[in-house]
Amino acid sequence: MERKTIRIAVVGVGNCASSLVQGIHYYRAKEVEDCIGLLNYEVGGYRPGDIEVVAAFDIDKRKVGKGINQAIFALPNCTAVFCGDLPSGSVEVSMGKILDGYSEHMANFGDDRTFLLSSEQEPTQADVVEKLKMAGVDVLMNYLPVGSQKATEFYAECALEAGCAFVNNIPVFIASNPEWAAKFKARNLPIIGDDIKAQLGATIVHRTLGNLFKKRGVKLERTYQLNTGGNTDFLNMLNRERLSSKKKSKTEAVQSAIPQRLEDVNIHVGPSDYVPWQNDNKVCFIRMEGKLFGDVAMNLELRLSVEDSPNSAGVAIDTIRCAKVALDRGMGGIVEIPSAFFCKHPPMQVPDDESYDILMGEWV
């Protein structure tokens with residue numbers, strides 16, 4: 001029996017897209033007992049290998065015009081290669097819309113670290129919509145850089161016009177914006193977002209520890225989360241003007257897991273610095289200070305080191321399948337439980353244990 005496929009388009013062929021594409025091929029030939037690193041082998045009857053990339057957009061001249069299976073290994077991508085032997089006959093990466101997807105400060109860094117803008121003509125909305133329709137795209141994955149408000153809105157509009165589900169992996173607020181959510185509801189198209197939680201990253205660890213404090217009767221008084229990395233995501237975020245939505249997304253994800261909101265002065269959650277030699281390795285430092293029995297002070301410090309992009313792809317491979325299941329079920333608008341479980345800034349925050357139980361019962 002031939003399996004059904006999920007046809008996806010990728011906006012931004014960076015490290016996260018690289019890990020996702022590698023993962024689709026890596027798990028395609030594996031049986032469930034051999035699938036280390038998956039949250040779920042099947043979601044709604046779909047396996048990782050059922051996902052097919054049929055369209056892709058980027059603005060870097062080293063990727064535009066190349067097959068995506070080659071483009072994912074082009075500079076400035078620097079993530080781990082765990083499935084390098086990919087078939088050569090793959091969909092060609094199309095020129096994307098630049099808008100605010102490129103920050104001018106990145107021109108001050110070496111070619112191997114930054115984006116090199118393609119001279120190809122940028123597409124119109126009609127051009128992108130036509131490509132999505134011609135490719136029969138089910139789900140559009142947004143992997144634009146942090147701070148790409150106008151560019152994200154451009155592709156969200158393209159998804160609406162082309163009849164695609166939309167998964168917003170970045171901290172630009174689309175699913176959590178009532179106006180945009182209403183647009184997807186009106187077109188009866190699913191949207192999952194905003195800002196993907198990594199499989200086992202800084203945010204989910206911080207949330208889990210916050211919930212642990214709550215369950216064990218410890219009053220959390222102040223906390224910070226400091227992150228460093230050397231990929232283009234961290235380089236892009238050196239422009240602090242692009243960081244407001246990122247900080248809000250990460251901070252709200254932590255605040256929602258503790259019983260009483262901390263005052264702004266007592267919580268700091270966000271990217272801290274760019275360390276080039278770390279490449280795609282992300283190092284997170286968390287400190288939490290509180291009071292336990294007898295008002296006696298305590299503190300906790302933790303250091304977490306992960307490869308950033310596979311950590312993201314471990315969740316993206318499930319959001320894609322949830323988006324397709326929502327399409328199959330005729331669901332339009334916000335897909336609430338997958339958004340709550342998989343994203344930092346969903347429209348509705350739900351405790352992780354609760355959203356997990358509902359996800360396993362109703363989606364997997």
- Mind checking what makes side-chain hydrogen bond (donor to acceptor under 3.5 Å, both in side chains) contact with Glu161, not counting sequence neighbours? Arg187
- Query: Do the charged groups of Asp328 and Lys324 touch, with an N to O distance under 4.0 Å?
  - Reply: yes
- Set of residues satisfying side-chain hydrogen bond (donor to acceptor under 3.5 Å, both in side chains) with respect to Ser103, sequence neighbours excluded: His105, Asn239
- Say whether Val167 and Ile196 are linked into one hydrophobic cluster, either directly or through other cluster members, by side-chain heavy-atom distances under 4.5 angstrom. yes
- Does the side chain of Ile192 reach to within under 4.5 Å of the side chain of Cys343, using non-hydrogen atoms? yes
- Shortest non-hydrogen contact from Val93 toward Ala71: CG2-CB, 3.8 Å
- Message: Once side-chain hydrogen bond (donor to acceptor under 3.5 Å, both in side chains) is applied, do any residues pair with Ser244, and if so which ones, sequence neighbours excluded?
- Response: none
- Message: A side-chain contact here means heavy atoms from C-beta on lying under 4.5 Å apart; do Thr208 and Val205 qualify?
- Response: no
- Query: Does a side-chain heavy-atom distance below 4.5 Å link Asp111 with Leu75?
  - Reply: no
- Item | By side-chain contact (heavy atoms from CB on, under 4.5 Å) - contacts of Ser305 (at least two apart) | Asn281, Val283, Arg303
- Stepwise, does the side-chain contact (heavy atoms from CB on, under 4.5 Å) test hold for Gln278 with Thr228? CA-CA 8 Å; Gln278 281 186 231; Thr228 66; 2.8 Å; yes
- Query: According to the salt bridge (Lys or Arg N to Asp or Glu O under 4.0 Å) rule, which pairs have a member within residues 341-364, sequence neighbours left out?
  - Reply: Asp195-Lys344, Lys197-Asp352, Arg207-Asp352, Lys215-Asp353
- Message: I'd like to know if Arg321 and Asp318 make a salt bridge, using a cut-off of under 4.0 Å between side-chain N and carboxylate O.
- Response: yes
- For Lys291 and Met298, run side-chain contact (heavy atoms from CB on, under 4.5 Å): C-alpha distance rounded to whole Å, both residues' side-chain angles, the deciding distance at 0.1 Å, then the answer. CA-CA 6 Å; Lys291 294 283 182 65; Met298 59 79 63; over 6 Å; no
- Message: Any salt bridge linking Asp100 with Lys150? Criterion: basic side-chain nitrogen under 4.0 Å from a carboxylate oxygen.
- Response: no
- Task: Check whether any side-chain heavy atom of Ser249 sits under 4.5 Å from a side-chain heavy atom of Asp194, and report yes or no.
- Result: no
- Message: I'd like to know whether Met237 forms a side-chain contact (heavy atoms from CB on, under 4.5 Å) with Arg242, so could you lay out the CA-CA distance, the side-chain angles of the two residues, the decisive distance to 0.1 Å, and finally the verdict.
- Response: CA-CA 6 Å; Met237 290 186 291; Arg242 300 176 71 89; 5.9 Å; no
- Query: Without hydrogens or angle criteria, can the side chains of Asn227 and Gln225 be said to hold a donor-acceptor pair below 3.5 Å?
  - Reply: yes
- Sequence neighbours left out, what passes side-chain hydrogen bond (donor to acceptor under 3.5 Å, both in side chains) with Asn142? Give chain and number order. Thr152, Asn168
- Write down the atom of Gly101, the atom of Ser148, and the distance for their closest heavy-atom approach. CA-OG, 3.4 Å
- Less than 4.5 Å apart, any side-chain heavy atom of Pro48 and any of Ile24? no
- Message: With a 4.5 Å cut-off on side-chain heavy atoms, are Met288 and Ile286 touching?
- Response: yes
- Item | Enclosure of Glu301 CD (heavy-atom neighbours >12, cutoff 6.0 Å) | yes
- Query: If you draw a 6.0 Å radius around CE in Met134, do more than 12 non-hydrogen atoms from other residues or ligands fall strictly inside?
  - Reply: no
- Scan residues 339-364 for pairs that pass ring-ring contact (aromatic ring centres under 6.0 Å, His included), counting only residues two or more places apart or in two chains. Phe173-His345, Phe341-Tyr356
- Query: More than 12 heavy atoms of other residues, nucleotides or ligands under 6.0 Å from NZ of Lys219: is that the case?
  - Reply: no
- May I ask you to list the residues sharing a hydrophobic cluster with Trp277, side-chain cutoff 4.5 Å, ordered by chain and number? Val275
- Looking at side-chain heavy atoms only, is the closest gap between Trp180 and Glu153 below 4.5 Å? yes
- Message: In the structure I gave you, are the side-chain heavy atoms of Pro76 and Phe115 within less than 4.5 Å of one another anywhere?
- Response: yes
- Message: Are more than 12 heavy atoms, taken from residues, nucleotides or ligands other than Asp112, located less than 6.0 Å from that residue's CG atom?
- Response: yes
- Message: With ring-ring contact (aromatic ring centres under 6.0 Å, His included) as the rule and sequence neighbours excluded, what pairs involving residues 191-239 come up?
- Response: none
- Could you check Leu209 against Leu300 for side-chain contact (heavy atoms from CB on, under 4.5 Å), going step by step and ending with a plain yes or no? CA-CA 10 Å; Leu209 289 171; Leu300 175 154; 4.0 Å; yes
- Query: According to the salt bridge (Lys or Arg N to Asp or Glu O under 4.0 Å) rule, which pairs have a member within residues 255-280, sequence neighbours left out?
  - Reply: Glu252-Arg261
- Task: Is it possible for you to say whether Ile174 and Met348 belong to one hydrophobic cluster, with membership spreading through side-chain heavy-atom contacts below 4.5 Å?
- Result: no
Show the atom names and distances, to 0.1 Å, of all donor-acceptor pairs under 3.5 Å that link a side chain in residues 8-18 to residues at least two apart or in another chain.
from	atom 1	to	atom 2	distance (Å)
Asn15	OD1	Cys78	N	2.7
Asn15	OD1	Thr79	N	3.0
Ser18	OG	Gln22	NE2	3.1
Ser18	OG	Ile72	O	3.2

- Task: Apply salt bridge (Lys or Arg N to Asp or Glu O under 4.0 Å) to the pair Lys282 and Glu307, showing each step before the final yes or no.
- Result: CA-CA 6 Å; Lys282 176 179 177 178; Glu307 196 77 0; over 6 Å; no
- Item | Arg113 and Asn279 side chains, donor-acceptor separation under 3.5 Å | yes
- Message: Filter on ring-ring contact (aromatic ring centres under 6.0 Å, His included), then keep only pairs touching residues 34-87, sequence neighbours left out; what's left?
- Response: Tyr26-Phe82, Phe57-Tyr155
- Considering residues, nucleotides and ligands other than Lys66, do more than 12 of their heavy atoms fall under 6.0 Å from its NZ? yes
